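See structure below.
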Amino acid sequence: QVQLVESGGGLVQAGGSLRLSCEASGSVSSIGVMGWYRQASEDRRELVASITREGTTDIADSVKGRFTISDFRDTVKNYLYLQMNSLKPEDTAVYYCKAESKVDYGDGNYYFSPFWGQGTQVTVSS
């Protein structure tokens, strides 16, 4: 099991910056990819950015050049960050941290089980 707690959301004016943090605890050694997703009102949840254990990142086109994802992982806790600059009103959403935890069947097969944080609200005013 993995527990995720996000922080850092809030209200900011357009053009401003925020830094989101996510603390992962529990079976952190099993975590592969970690990422940030967002969901605005009735829209579907969408990927904002993700990062692998090796540091490979994937950034959504809508935030590329403005948002940066980073992480810090040790044997006890994993931390995930999202630096958001030049924020726009359309960035307003609930932001969720996600971690994929590897589950081994013991016969060489495995799958990744997703865990989600509770979400943190980001509101950008025009």
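Remember, it's a predicted structure, so these values are computed and weren't measured experimentally.
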Find out if a path of hydrophobic residues (ILVMFWY) with successive side-chain heavy-atom gaps under 4.5 Å connects Ile31 to Val48. yes
Would the number of heavy atoms belonging to other residues, nucleotides or ligands and lying under 6.0 Å from CZ of Phe112 be above 12? yes
What distance separates Ser62 OG from Asp91 CG, expressed to the nearest 0.5 Å? 7.5 Å
Which heavy-atom pair separates Ala24 from Met34 by the least distance, and what is that distance? CB-CE, 4.1 Å
Would a 4.5 Å heavy-atom cut-off, applied to side chains only, mark Met84 and Leu20 as touching? yes
Under a 3.5 Å cutoff, is there a donor and acceptor pairing between the side chains of Glu54 and Thr52? yes
Got Arg19 and Asn85 here, is their nearest side-chain heavy-atom distance under 4.5 Å? no
If Ile, Leu, Val, Met, Phe, Trp and Tyr residues are connected whenever their side-chain heavy atoms lie under 4.5 Å apart, and connections chain through other members, are Leu47 and Val94 in the same group? yes
Pairing donors with acceptors under 3.5 angstrom, does anything connect the side chains of Tyr95 and Arg38? yes
Salt bridge flag under 4.0 Å for residues Asp71 and Arg53: no
So that I know where these two stand, are Phe72 and Tyr81 an aromatic pair - ring centroids less than 6.0 Å apart? no
Hey, any chance Val76 and Val28 share a hydrophobic cluster, counting ILVMFWY side chains that come within less than 4.5 Å of each other, even indirectly? no
Are Val122 and Val124 side-chain neighbours, meaning at least one heavy-atom pair lies under 4.5 Å? yes
Show your reasoning for whether side chain to side chain donor-acceptor pair (under 3.5 Å) applies to Glu90 and Thr92. CA-CA 5 Å; Glu90 51 264 42; Thr92 295; over 6 Å; no
Aromatic ring centroids of Phe67 and Trp36 under 6.0 Å? no
Could you tell me whether Gln13 atom CD has more than 12 heavy atoms of other residues or ligands within 6.0 Å of it? no
Which atom of Ala99 lies closest to which atom of Leu4, heavy atoms considered: N-CD1, 3.7 Å
Interatomic distance, CD@Glu100 vs NZ@Lys98, rounded to 0.5 Å, equals 4.5 Å
What's the shortest heavy-atom distance between Tyr110 and Gly108, and which atoms? CD2-O, 3.8 Å
For Asn109, is there any backbone N or O sitting under 3.5 Å from a side-chain donor or acceptor partner on Asp107? yes
pair Cys22-Tyr79: side-chain heavy atoms closer than 4.5 Å: no
Is it the case that the side chains of Glu23 and Ser25 hold a donor-acceptor pair, with the cut-off being a distance below 3.5 Å and no angle test? no
Looking at Gln118 and Val5, what are the two nearest heavy atoms and their distance? OE1-CA, 3.8 Å
With rounding to the nearest 0.5 Å, note down the distance linking CG in Asp74 to OG in Ser29. 11.0 Å
Counting C-beta onward and ignoring hydrogens, is there a side-chain heavy-atom pair between Leu18 and Leu87 closer than 4.5 Å? yes
Go through Lys64 and Asp61 one step at a time and tell me if the salt bridge (Lys or Arg N to Asp or Glu O under 4.0 Å) criterion holds. CA-CA 5 Å; Lys64 200 166 289 184; Asp61 288 342; 3.1 Å; yes
What pair of heavy atoms forms the shortest contact from Ser17 to Gln83, and how long is it? CB-NE2, 4.0 Å
Test your reading of the model: is there a side-chain donor-acceptor pair from Thr120 to the backbone of Gly9, 3.5 Å cut-off? yes
Do the side chains of Leu80 and Ile69 get nearer than 4.5 Å, heavy atoms only? yes
To the closest 0.5 Å, what do you measure between SG (Cys97) and OH (Tyr37)? 10.5 Å
Hey, does Gln39 have a side-chain heavy atom less than 4.5 Å from the side chain of Tyr96? yes
So, taking the atom named OH in Tyr111 and the one named OG in Ser101, what distance separates them when rounded to the nearest 0.5 Å? 8.5 Å
Of all the heavy-atom pairs spanning Arg73 and Gly32, show the shortest one and how long it is. NH1-O, 2.7 Å
